[in-house]
Amino acid sequence: MPELPEVQSIISGLNRTILGKHLNRIDEHRKGTVFNEENYTEFGEIVDISRRGKYIIILTSDRIKIIIHLRMTGKLIYRSREIKTNKHTRATLVFQDGSALLFDDVRTFGRIEIYRAEDIVAAIETLGPEPLREDFGKKYLSMILKSRTAPIKNLLLNQRIIAGLGNIYASEILHRAGILPTRPGNNLSGNEIGSIVNNTKKVLLEAIEAGGTTISDYRQVENKAGSYQKMLKVYGKDFCSCGSRLNRIKLAGRSTFYCVKCQS
DNA sequence: ACCGCGTCCTGTTAGC
DNA sequence: TGCTAACAGGACGCGG
């Protein structure tokens, strides 16, 4: 599942491969993948590629922005010339030089939306702060959490509170911070909130450095796997590094892993 | 305002 | 061995 570090790695890959290229067209191979395409025939060159939360934002010289969300199984794969699609290819961005960017997505939840550059996109507008920026700090998180009774894990998954975390990193961050995922938000001490903030930044930076976490579907733009899966401490594991068996429960409908000895 | 659950989807795996 | 059901989860809409 692409979360912030995976999306960040994809942004890097897109900058290496498609920045500056002239986008001829976007082919949709499966209905319900590309939205608003009918309003646009010309795109121009790719002039900027960025990220907000888990949303990929591609800006073109014709002042068009292409917003891509990969959801769970979406992949963006670059092909320099041999453009072979497969049964899960949902759309293709075709460039003038004969190269292409394939949008593969097994579970078809991902989507591509096209807007004018100046359009306000509600989904992005309502996102919480970027965890790696300074406005995501102890002061901000304390302010948010004081009125929240939901489990901290659920709150970390709420994109309006913090943008970019998903199920894997939420479990990893809470393990590093030594905090049980079930703790109500308004029950955490200042020190604990500070630890969540620090460990969020630490885990995300390490995961970006590793090129993301590849468990099954995620691949970088050049189709390479990331390596942070080797550094996971709890997600998908049976035992903690302390030797205790990990607990596995469902929170917000997602598998949640924690150690009763290391987290309280 | 906030919380939790159901929904969308398909490949993989667990269980009988 | 072969079939079925459960499972994986990001975002969103809805009811309480």
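Just so you know, these numbers come straight off a predicted model, no measurement behind them. Letters A, B, ... are given to chains in the order of the sequence lines, protein chains preceding strands, and every chain is numbered from 1.
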Enter the distance from A:F35:CZ to A:I114:CD1 here, rounded to the nearest 0.5 Å. 11.0 Å
Minimum-distance nucleotide to A:Y55 side chain [options: C:dA8, B:dT10, C:dC12]: C:dC12
For a quick test of reading the model: is some side-chain N or O of A:S255 closer than 4.0 Å to OP1 or OP2 of C:dA8? yes
Per nearest nucleotide of DNA chain C, the residue lying toward the 5' end, A:R160 or A:R248, is A:R248
Check this one for me: any side-chain N or O of A:K54 less than 4.0 Å away from OP1 or OP2 of C:dA11? yes
Base, sugar-phosphate or nothing for A:R111? Non-hydrogen atoms, less than 4.0 Å. nothing
Is any NZ, NE, NH1 or NH2 atom of the basic residue among A:D119 and A:K65 found under 4.0 Å from an Asp or Glu carboxylate oxygen of the other? no
Taking only the side-chain nitrogens and oxygens of A:R71, find out if one of them lies under 4.0 Å from OP1 or OP2 of B:dT7. no
Is A:E172 salt-bridged to A:K233, going by a charged N under 4.0 Å from an acidic O? no
A:K250 vs C:dA8: side-chain N/O to OP1/OP2 distance below 4.0 Å: yes
Nearest-Å distance, CD (A:E3) to C1' (C:dA8)? 13 Å
Look at the side chain of A:A123 and decide which nucleotide, out of B:dG11, C:dA11, C:dC12, has an atom nearest to it. C:dC12
By nearest-heavy-atom nucleotide on DNA chain C, the more 5' of A:R107 and A:L165 is A:R107
Side-chain contact check for A:K87: nearest option of B:dG11, B:dC9, C:dA8 is B:dG11
Could you go through nucleotides 1-5 of chain B and list every protein N or O atom that sits under 3.5 Å from one of its N or O atoms, giving the distance for each pair?
from  : atom 1 : to     : atom 2 : distance (Å)
B:dC3 : OP1    : A:T149 : N      : 2.6
B:dC3 : OP1    : A:T149 : OG1    : 3.4
B:dC3 : OP1    : A:A150 : N      : 3.0
B:dC3 : OP2    : A:R148 : NH1    : 2.3

Using the C1' atoms of the five pairs at each end, what is the angle between the end axes of the helix from B:dC2-C:dG16 to B:dC16-C:dG2, to 10°? 60°
Quick one: is A:H88 getting a side-chain N or O under 4.0 Å of the B:dT10 phosphate, OP1 or OP2? no
What's the verdict on side chain to side chain donor-acceptor pair (under 3.5 Å) for A:E6 and A:Y169, showing C-alpha distance, side-chain angles and the deciding distance? CA-CA 11 Å; A:E6 289 73 40; A:Y169 294 109; 2.6 Å; yes
A:K21 vs A:D97, test: salt bridge (Lys or Arg N to Asp or Glu O under 4.0 Å). Steps then yes/no. CA-CA 8 Å; A:K21 293 199 174 184; A:D97 67 354; 3.0 Å; yes
Tell me, please, which residues at least two apart from A:H88 pass ring pair (Phe, Tyr, Trp, His ring centres under 6.0 Å). none
For a quick test of reading the model, state the closest non-hydrogen atom pair linking A:P181 to A:L174 and the distance between them. CA-CD1, 3.7 Å
For atom CD of A:E38, is the number of surrounding heavy atoms from other residues, nucleotides or ligands below 6.0 Å larger than 12? yes
